[in-house]
Amino acid sequence: MEAVAAVDGLTKVYRNDRGIRDVTMTVREGDIYGFFGPNGAGKTTVMKIMTGLSRADRGSVRLFGHAVDTHFEQAMAQTGSLIETAEAYTYMSARRNLQLAARFYPEADDKRIDEVLEWVGLASFASEKVKQYSLGMKQRLGIAAALLSQPRLLILDEPTNGLDIEGMVQVRELIVRLAREQRITFLISSHLIHEMELMCNRIGIMHHGRLIREAAVAELTADGSTLEMAYLREIERERGLAAHG
C-alpha cells in the first residue's frame, strides 16, 4: 500500500520539556489509522506539524510524497483536516459557513456543498443557524468543511471528544462510511480506546511524547485481548524498558 503520510523522526520540545520526541509513523492508503494516547501524550502536536500549523525542531513529514515544510501547497492539496475544535460562525447557517470555506477551493461549488452536507447527515439542517446545532452536529459540520476540497486523506483530532453516545456513534459511522464509499484515508487521534477498536484497522500508541507501538489492530488483539488490554500491556512493557534503561 502507498504511504499517504510518512512521519520520520519528528521532534518538538517545549520550554517545559514536554513535547514529542523521535516520532516515526506511516499512514497507508485505505487506513483508518487510530492515533491513540492519553491527553497530553503529544497527538495534537504531531497533527499540527503534519498540517503546517506548527514547526518541528527536527524530523520530517511527507504527505503524498511532498514535504510539508518545503512544498506545503502540494502536500495539502489532497489533505483535509480538523484540528482540536470545529470552528464556525454560529450566527450563520451551515450552508453559508460552507460557502465561505469553499472560497479557498475553486472546485468547491454549490453542488459540492450539497454533496458534503448529505454525506455528514446535515442536508435537512443546512439552513439552520449553527448556534442551534448540538456539539455532534457542529463536529459533523467541521468534517463537511474538511471534505470540501475532495481530500484523499483526512486528519481529525479528537473528532468524538465531548460528544454524547449518540454523537460519538454518528461520527464513527460517518468515518467508516466515508472510508468505504469515498475511499478516503483517515488519521484520527483519540484518547477513547473503545472508539478506536470499533473503527480503526491500524493504531499508533503515544506515551509521554513518544510513539511506542505501531501495529494492526488485528495483530494487537490476535490473542483474544481487547485493544484496551493490549494498550495496557504496551504501557507496562514501556515502563519496564524505561526502568532497565
Side-chain angles (χ1 to χ4, degrees), residues 1-12 19-37 41-83 105 143 146-159 172 174-190 193 195-207 209-222 227 230-231 234:
M1 286 288 186
E2 175 191 354
V4 170
V7 175
D8 185 23
L10 214 57
T11 298
K12 184 177 181 65
I20 59 171
R21 290 173 170 84
D22 199 30
V23 174
T24 296
M25 58 188 282
T26 303
V27 181
R28 302 180 185 125
E29 185 175 11
D31 275 348
I32 301 180
Y33 186 113
F35 199 32
F36 179 77
K43 305 182 301 295
T44 298
T45 298
V46 172
M47 288 181 151
K48 282 185 173 180
I49 295 170
M50 291 181 73
T51 52
L53 297 174
S54 183
R55 284 192 171 272
D57 299 334
R58 295 189 306 277
S60 65
V61 176
R62 300 181 75 85
L63 303 179
F64 300 98
H66 301 288
V68 169
D69 57 346
T70 59
H71 295 82
F72 178 73
E73 289 188 11
Q74 294 94 321
M76 295 300 295
Q78 300 180 82
T79 305
S81 64
L82 178 59
I83 306 297
Y105 312 110
I143 294 172
L147 287 165
L148 283 172
S149 63
Q150 303 185 45
R152 289 174 55 201
L153 169 65
L154 206 51
I155 298 174
L156 304 177
D157 182 27
E158 301 275 5
R172 183 210 313 149
L174 170 63
I175 289 166
V176 172
R177 190 173 75 250
L178 289 172
R180 182 181 65 248
E181 296 177 1
Q182 304 302 321
R183 300 189 181 281
I184 296 172
T185 298
F186 283 88
L187 171 62
I188 305 166
S189 75
S190 182
I193 199 159
E195 284 296 301
M196 296 285 96
E197 188 165 10
L198 289 173
M199 64 179 162
C200 297
N201 66 305
R202 293 180 65 235
I203 194 166
I205 298 174
M206 290 288 290
H207 182 66
R210 297 183 184 275
L211 187 76
I212 62 171
R213 184 73 189 275
E214 184 180 45
V217 171
E219 177 186 343
L220 292 170
T221 59
L227 195 55
Y231 165 74
E234 293 298 325

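- In plain terms, the two heavy atoms of Ile212 and Glu234 that are nearest each other are CD1-O, 3.9 Å.
- When the side-chain contact (heavy atoms from CB on, under 4.5 Å) test is applied to Glu158, the partners found at least two apart in sequence or on another chain are Asn39, Lys43, Asn161, Ser189, Ser190, His191.
- In this structure, the side chains of Met196 and Val217 stay at 4.5 Å or more apart for every pair of heavy atoms.
- Considering only residues two or more places apart in sequence or on other chains, Thr44 meets the side-chain hydrogen bond (donor to acceptor under 3.5 Å, both in side chains) condition with Asp157.
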Q: Take Leu187 and Met25, measure what side-chain contact (heavy atoms from CB on, under 4.5 Å) needs, and give me the verdict at the end.
A: CA-CA 11 Å; Leu187 171 62; Met25 58 188 282; 3.9 Å; yes
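- The shortest distance between side-chain heavy atoms of Val23 and Thr45 does not fall below 4.5 Å.
- Taking Phe64 as the reference, nothing meets the ring pair (Phe, Tyr, Trp, His ring centres under 6.0 Å) condition, with sequence neighbours excluded.
- Formation of a donor-acceptor pair under 3.5 Å by the Glu214 side chain with backbone atoms of Thr26 is found in this model.
- By the 4.5 Å heavy-atom criterion applied to side chains, Arg202 and Arg28 are counted as neighbours.
- Asp31 places no side-chain N or O within donor-acceptor distance of the main-chain N or O of Thr185, the cut-off being under 3.5 Å.
- With sequence neighbours excluded, the residues forming a side-chain hydrogen bond (donor to acceptor under 3.5 Å, both in side chains) with Arg172 are Glu195, listed by chain and number.
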Validation: residues 47-62 side-chain donor-acceptor distances under 3.5 Å, sequence neighbours left out:
from: Thr51; atom 1: OG1; to: Met47; atom 2: O; distance (Å): 2.8
from: Thr51; atom 1: OG1; to: Lys48; atom 2: O; distance (Å): 3.4
from: Asp57; atom 1: OD2; to: Val13; atom 2: N; distance (Å): 2.8
from: Arg62; atom 1: NE; to: Gly65; atom 2: O; distance (Å): 3.3
from: Arg62; atom 1: NH2; to: Gly65; atom 2: O; distance (Å): 2.5

Under 3.5 Å, side-chain donor or acceptor atoms of residues 71-80 against the rest of the protein: list the pairs with distances, not counting sequence neighbours.
from: Gln78; atom 1: OE1; to: Arg152; atom 2: NH1; distance (Å): 3.0
from: Thr79; atom 1: OG1; to: Ala75; atom 2: O; distance (Å): 3.1

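- In terms of heavy atoms, Ile175 sits closest to Phe186 at O-CE1, 3.5 Å.
- Scored by the side-chain contact (heavy atoms from CB on, under 4.5 Å) test, Ala146 finds Leu154 as partners (sequence neighbours excluded).
- By the side-chain hydrogen bond (donor to acceptor under 3.5 Å, both in side chains) test, Gln150 pairs with no residue at all, sequence neighbours left out.
- At least one side-chain heavy atom of Leu156 sits under 4.5 Å from a side-chain heavy atom of Leu82.
- The distance from atom CG of Leu63 to atom CD1 of Ile155, rounded to the nearest 0.5 Å, is 5.5 Å.
- Here the CD1 atom belonging to Ile193 is positioned 4.0 Å from the CZ atom belonging to Phe36, to the nearest 0.5 angstrom.
- Side-chain contact between Leu211 and Thr24: absent, with no pair of heavy atoms (C-beta onward) separated by less than 4.5 Å.
- With sequence neighbours left out, the ring pair (Phe, Tyr, Trp, His ring centres under 6.0 Å) criterion links Tyr33 to no other residue.
- Listed by chain and residue number, Arg213, Glu219, Leu220 satisfy the side-chain contact (heavy atoms from CB on, under 4.5 Å) test with Ala215 (two or more places apart in sequence, or in another chain).
- Expressed to the nearest 0.5 Å, how far CG of Leu198 lies from CG of Leu227 amounts to 9.5 Å.
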